[in-house]
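As structure tokens, the structure follows; a few thoughts come after it.
Per chain, numbering begins at 1; letters A, B, ... match sequence-line order. Values below: all heavy atoms of this structure, side chains included; hydrogens, waters and symmetry mates excluded.
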Amino acid sequence: MSTGVIGMLYAAATLFVMLIGVPIAFALGSVALLFMAIFMPAASLDTVTQNVYEEMASITLLSIPLFILKGAAIGKSRAGADLYSAIHAWLHRVPGGLGIANVFACALFAAMAGSSPATCSAIGSAGIPEMRRRGYSPGFAAGLIAAGGTLGILLPPSITMILYAVAAEQSLGRLFLAGIGPGLLLVALFSAYAAWRFRFEYRAAYAAHAATGAPSAHLQREEFTLAQKFSRLPRVVPFVVLLTGVMVALYGGYATPSETAGLGAVLALALVAVVYRLWRPSEIEPMLSSTLKESTMLMFIIGMSLLYAYVMSYLHISQSAAEWVVSLHLSRWVLLSTILLMVVVLGFFLPPVSIILMTAPIILPPLKAAGFDLIWFGVVMTIVMEMGLIHPPVGLNIFVIKNVAPDIPLGEVIRGVLPFVVLMFLAVVLVCVFPAFATALPDLLMRGRS
Amino acid sequence: MTHSAGAPKIDVSTPGRLASCARGLASLNRALLIVSMGALGLAALILSTGVVLRYFFQTATDWQDEAAVFLLVGATFLCGAHVQSLGGHVAIDALSGVLSARVNHLRRILVDAVSVAFCAFFAWKSWTLCHEAWMEKQTTSSTWAPPLSIPYGLMATGMTLLALQLALSLVVRLTRERAHA
């Protein structure tokens with residue numbers, strides 16, 4: 001049987017077991033086992049568990065549970081609400097300052113917690129009611145938080161980027177740094193849209209007030225004294241110090257990425273104990289158990305995805321598919337667009353973890369052959385997968401927002417996120433036209449280092 | 001389109017062999033969850049301590065990565081069954097809305113059967129690997145050289161419990177199928 005036919009059977013079998021609803025980890029593992037049994041030497045089945053263990057026993061991969069623990073510790077405390085209220089107090093004079101405060105709070109929280117749903121939940125639970133109270137339309141408020149939450153997989157420490165670094169065999173340190181520029185670009189685009197949208201809604205409220213005398217929360221001004229502004233800082237500063245400290249430890253050469261994850265988790269637990277007095281076993285347990293639930297699910301998918309990719313490679317499916325793509329002689333931008341479109345479509349069905357590990361062996365060789373920088377591509381691919389977090393049919397963040405603000409109709413939430421999908425697409429175009437958004441910072445800070 | 005894979009609810013308060021099995025597994029899962037919480041915290045502490053020891057006391061910490069790997073691999077596999085009992089292993093939920101209740105029930109039985117078969121095979125091969133590592137006194141290649149039977153044993157235990165948890169789901173579905181027939 002030719003490699004092409006085996007490859008198509010492999011894809012068809014995967015599609016079948018996944019679509020009938022077998023959990024993704026077991027689906028990938030069972031298809032890999034089936035094809036090992038049929039097309040590979042019998043002895044390969046004896047080493048299947050050893051293969052999975054050796055792939056999983058990577059300290060870089062195993063930093064994922066620790067980064068999740070750091071995020072869970074911060075996410076289960078009131079840090080998100082405090083961060084949001086402090087930024088709001090300092091930005092209230094800027095037009096649309098409340099919306100911009102939410103974007104900034106999302107970015108900072110995402111960088112501390114590293115999780116999109118956790119960011120949406122923590123900032124959204126305080127930010128959405130406050131924005132609505134101040135007259136922001138519910139769809140806009142929901143869209144802002146859903147989009148702000150996606151920064152969690154772009155700004156370091158991003159779990160998606162850890163997996164990409166492993167799959168593409170790229171430097172994790174460089175990849176983390178490469179995410180910062182495009183992350184700040186997205187923060188700027190979201191903030192600019194928040195300011196524009198605020199002015200639009202403000203003018204409409206002003207016109208209605210002038211015409212009918214109808215009151216609007218948009219027209220009310222909120223004032224903070226300097227003392228009030230400073231009084232909000234003490235609870236926030238320790239977490240910003242944690243964020244900075246972790247980055248200094250990583251890029252100052254004091255700690256490896258895994259040590260940074262461990263250190264970050266311990267410091268985050270210590271901070272929530274000191275600042276929020278969350279130290280009793282009954283308060284720590286939810287942090288640890290939610291971490292284990294999420295990380296176990298992810299690590300099972302990662303382990304079985306790696307087994308799946310190993311079988312694909314052994315049977316020369318990935319190499320043949322990559323050679324076929326190269327033989328099409330597509331122009332580099334058509335190749336990139338096709339691959340990104342495939343990522344978008346896969347994002348309808350699969351979480352980013354599986355997309356990266358299943359497609360990396362096929363898509364990275366043609367991209368490398370076409371002269372693309374794989375660090376830069378990792379950032380572009382991550383932004384595209386971020387879009388998947390807020391566009392239907394999956395749109396995980398949309399459903400998190402529905403939990404935080406159940407009275408906002410789903411249709412309104414979806415209409416609210418669509419402008420942000422467009423902004424993210426614009427960011428992808430900008431990063432493609434100006435690759436320095438992603439490459440400048442790692443080139444500057446890690447010249448000559450891996 | 002991804003969601004948490006559904007596990008059938010078993011009323012553990014009612015008498016009967018299935019409920020006893022469910023109670024037993026739930027207790028074991030709970031105990032292993034607590035052990036895993038400890039392992040997770042310990043791994044974070046070990047990695048943090050490694051940084052401090054290296055930079056302040058210039059002490060070699062070649063053991064810390066392997067110790068953390070053992071703890072985290074153990075925590076991952078030992079929690080597999082607990083996560084399954086919560087329906088935490090995500091799956092694609094594309095067909096449940098379009099199939100009839102009867103076909104959906106059969107689909108779920110097929111899903112459980114495929115999952116049990118995979119996990120049982122994996123558990124069997126993990127025990128074989130663990131047995132080999134134990135008999136041949138295999139260790140890692142580092143200077144610390146801890147026995148590989150430890151992580152292999154944790155992997156085998158976790159996958160066995162996961163297979164049992166899935167088998168319990170399958171038996172519950174089949175029992176309900178028979179009761180409805």
**Prompt:** For A/G262, does its backbone N or O pair with a side-chain atom of B/S48 as donor and acceptor, under 3.5 Å?
**Reply:** yes
**Prompt:** Angle class for the A/F26/B/H89 ring planes (parallel below 30°, perpendicular above 60°, tilted otherwise)?
**Reply:** tilted
Tell me, for [X] versus chain B, whether the close heavy atoms (under 4.5 Å) come from the side chain, the backbone, both or neither.
| X | answer |
| --- | --- |
| A/E285 | both |
| A/T47 | neither |
| A/A265 | side chain |
| A/L33 | side chain |

Are [X] and [Y] packed together at the side-chain level, in the sense that at least one heavy-atom pair is separated by less than 4.5 angstrom?
| X | Y | result |
| --- | --- | --- |
| A/T256 | B/L47 | no |
| A/P23 | B/V111 | yes |
| A/L66 | B/L72 | yes |
| B/L33 | A/L292 | yes |
| A/F300 | B/L162 | yes |
| A/M56 | B/F77 | yes |

Tell me which of these, [options], has more heavy-atom pairs under 4.5 Å with chain A than the rest.
| options | value |
| --- | --- |
| B/H82, B/Q64, B/E132 | B/Q64 |
| B/G80, B/G50, B/S115 | B/S115 |
| B/L40, B/V52, B/I46 | B/L40 |
| B/L78, B/L148, B/I34, B/V51 | B/V51 |
| B/P151, B/A156, B/A75 | B/P151 |
| B/F122, B/W124, B/Y152, B/F70 | B/F122 |

Interface moiety of [X] toward chain A, non-hydrogen atoms closer than 4.5 Å:
| X | answer |
| --- | --- |
| B/M155 | side chain |
| B/V83 | side chain |
| B/S36 | both |

Distance in Å, [X] [atom1] paired with [Y] [atom2], rounded so as to fall on 0.5 Å steps:
| X | Y | atom1 | atom2 | value |
| --- | --- | --- | --- | --- |
| B/L71 | A/L62 | CG | CG | 10.5 Å |
| B/L95 | A/L19 | CG | CG | 6.0 Å |
| A/Q50 | B/S126 | CD | OG | 11.0 Å |
| B/F118 | A/L34 | CZ | CG | 12.0 Å |
| A/Y53 | B/L129 | OH | CG | 10.0 Å |
| A/E259 | B/T49 | CD | OG1 | 10.5 Å |

**Request:** Look at A/I59, A/I301, A/L288, A/L263 and state which one has the largest set of heavy-atom pairs under 4.5 Å with chain B.
**Result:** A/I59
**Prompt:** Based on non-hydrogen pairs under 4.5 Å, which of A/L45, A/L69, A/V48, A/L269 is most in contact with chain B?
**Reply:** A/L45
